[in-house]
Amino acid sequence: MAQKKKKAKRFYDYSLLFTIVFLTIFGLIMIYSASSYKAQMDHNGNAAYFMTRQGMIALAGFFGMIIISKLDYHWYAKMSHLAIFVSWVLMIAVSLFGHKVNGKRRWLGPEGFRIQPTELVKIAVIVALAALITRLGKNVDRWAGVVRAALICLPLAAIVAANNLSSGIIIAGIGFVMMFVASKKHWPYFLCVAVAGLIFAFAGPIGHGLEAIGLLKPYQLNRINVWLDPEAYPDTGGYQVLQGLYAIGSGGLFGKGLGESIQKLGFVPEAQNDMIFSIICEELGLFGAIGIILIFMFMIYRFMLIASNAPDLFGSLLVVGVMAHVAIQVILNIAVVTNTIPNTGITLPFISYGGTSVLFLMMEMGMVLSVSNQIKLEK
């Protein structure tokens, strides 16, 4: 009797899944620690207010992630044009009708159910660029291919940056990394990095020059000045930066202990959001901070492993796009908290408080796990 052909076993990255669960649970613990004082003051003594809200959204996102991970990821390519169209509609809507927070329109929806459309834009750009680069094939290095990719990414990045500079930078960065990985000609990308490095090195004089000719607004120049010398603005723009640095410095090697932060008691504004890494440093010390960075590095390693073994180029590029998003966001958040770059206001993935962020991050993780689930194991 002829032996029946056995179905090839499929891979599923449980290491990545465990890492996602660990970071999410750790994030909930740190949100409770960082926000309990503020929550008691603002929400009738409910110290777990922020943690509970984040936990419910994270749980819903987790189940959504599992469902997405079992779908065929090739289906996303068919939705790429619709995703870009919806992104434009939402970004125009938020620019015109969005709810203002600190003078910026970033939110859509009624009170209690507001979302940040920029998180959807990141996913749409990843899917659309992956589909375009796959169709372009060897033509990705030609000017026509580069221009087509830029037309997908840069206009959306620009409209996002008008109200959310950090997200605009991330969207542009995602496109840059995906094109770099797909291209065989790397020197133009290295040249772009060199130019960016020069701009960064001479940000002060360049900022004053741009402000003088009206291309930079005074409050934007003020952010650069605060970054260069935060101690000169201790009661205004430099307050949050200095309090965050005090938290980091006071943590020492092993920290003050979980829940023992002093800076979260009203000194670091919105400690559960963008500045949560400073509270991690204060409570868990250098040891805890390095531990979290290593876990993110392990996550990046799993992305690279899945991308290099993906069944096709489209799947590989999907994973590269998600990897770029997570890596850039982690780097920017830690750089802002440590005053390595000007303050742009950006969350730490899976850890900072933010329902929209964790929900859409879970969807991206579902896409990555979907690609991993299509990898066939060889015997």
Side-chain angles (χ1 to χ4, degrees), residues 18-55 58 226-227 229-231 233-299 326 329-354 357-358:
F18 175 79
T19 305
I20 295 165
V21 172
F22 176 85
L23 283 173
T24 305
I25 293 174
F26 176 78
L28 292 174
I29 293 170
M30 289 310 306
I31 286 170
Y32 177 78
S33 178
S35 69
S36 56
Y37 173 79
K38 177 179 173 59
Q40 288 182 74
M41 297 294 102
D42 297 348
H43 299 281
N44 301 319
N46 182 8
Y49 174 81
F50 293 103
M51 183 194 73
T52 303
R53 283 175 61 90
Q54 182 84 347
V226 167
W227 164 57
D229 188 11
E231 293 181 351
Y233 307 87
D235 299 321
T236 53
Y239 178 80
Q240 185 182 42
V241 173
L242 289 173
Q243 295 301 325
L245 292 175
Y246 294 155
I248 294 170
S250 64
L253 189 60
F254 295 106
K256 296 177 178 178
L258 188 63
E260 299 299 319
S261 167
I262 301 299
Q263 294 301 108
K264 70 183 180 184
L265 304 178
F267 296 102
V268 175
E270 301 293 335
Q272 73 277 6
N273 290 337
D274 305 340
M275 299 297 287
I276 198 167
F277 186 74
S278 66
I279 305 303
I280 293 173
C281 292
E282 185 180 5
E283 295 189 348
L284 304 180
L286 182 64
F287 177 81
I290 291 176
I292 289 302
I293 291 171
L294 289 175
I295 292 170
F296 276 117
M297 290 178 67
F298 178 74
M299 175 177 274
V326 174
Q329 194 156 325
V330 169
I331 291 168
L332 288 181
N333 177 268
I334 295 175
V336 165
V337 172
T338 56
N339 200 40
T340 307
I341 63 172
N343 194 333
T344 58
I346 189 166
T347 57
L348 187 61
F350 302 102
I351 297 177
S352 293
Y353 176 74
S357 175
V358 74

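Basis for what follows: all heavy atoms, side chains included, without hydrogens, waters or symmetry-related copies. Since the model is a prediction, treat every value here as computed from it, not as a measurement.
- Between Glu283 and Gly259, the shortest heavy-atom contact is OE1-N, 3.0 Å.
- For Phe18, the CZ atom is loosely surrounded, since the number of other residues' heavy atoms within 6.0 Å does not exceed 12.
- Among all heavy-atom pairs drawn from Gly244 and Val268, the shortest one is N-CG2, 4.2 Å.
- Residues passing the side chain to side chain donor-acceptor pair (under 3.5 Å) test with Thr340 are Thr338, sequence neighbours excluded.
- Annotation: Phe267, atom CZ; neighbour count of heavy atoms from other residues, nucleotides and ligands within 6.0 Å does not exceed 12.
- At most 12 heavy atoms of other shown residues, nucleotides or ligands fall within 6.0 angstrom of atom CE in Met297.
- The OG1 atom of Thr24 sits 8.5 Å away from the CD atom of Gln54 when rounded to the nearest 0.5 Å.
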Table please: side-chain donor-acceptor pairs of residues 341-351 below 3.5 Å, with sequence neighbours left out.
{"unit_1": "Asn343", "atom_1": "OD1", "unit_2": "Gly345", "atom_2": "N", "d": "3.2"}
{"unit_1": "Asn343", "atom_1": "ND2", "unit_2": "Gln240", "atom_2": "OE1", "d": "2.9"}
{"unit_1": "Thr347", "atom_1": "OG1", "unit_2": "Gln329", "atom_2": "NE2", "d": "3.0"}

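- How far CZ of Phe26 is from CD1 of Ile295: 7.5 Å, rounded to the nearest 0.5 Å.
- Put simply, the side chain of Lys264 gets close to the backbone of Ser33: a donor and an acceptor are under 3.5 Å apart.
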Report, one line per pair, each donor and acceptor closer than 3.5 Å where one atom sits in a side chain of residues 272-281; sequence neighbours left out.
{"unit_1": "Gln272", "atom_1": "NE2", "unit_2": "Glu270", "atom_2": "OE1", "d": "3.1"}
{"unit_1": "Asn273", "atom_1": "ND2", "unit_2": "Glu270", "atom_2": "OE1", "d": "3.2"}
{"unit_1": "Ser278", "atom_1": "OG", "unit_2": "Met275", "atom_2": "O", "d": "2.6"}

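- Residues satisfying the side chain to side chain donor-acceptor pair (under 3.5 Å) criterion with Ser250, sequence neighbours excluded, are absent altogether.
- Taking CZ from Phe296 and CD1 from Ile331, the interatomic distance works out to 11.0 Å, rounded to the nearest 0.5 Å.
- Under the salt bridge (Lys or Arg N to Asp or Glu O under 4.0 Å) criterion, the residue pairs touching residues 243-261 are Lys256-Glu282, with sequence neighbours excluded.
- The backbone N or O of Gly266 lies less than 3.5 Å from no partner atom in the side chain of Gln243, so there is not a single donor-acceptor pair.
- The closest side-chain heavy-atom distance from Met51 to Ile29 is not below 4.5 Å.
- For residues 41-50, the pairs satisfying side-chain hydrogen bond (donor to acceptor under 3.5 Å, both in side chains) are Lys38-Asp42, with sequence neighbours left out.
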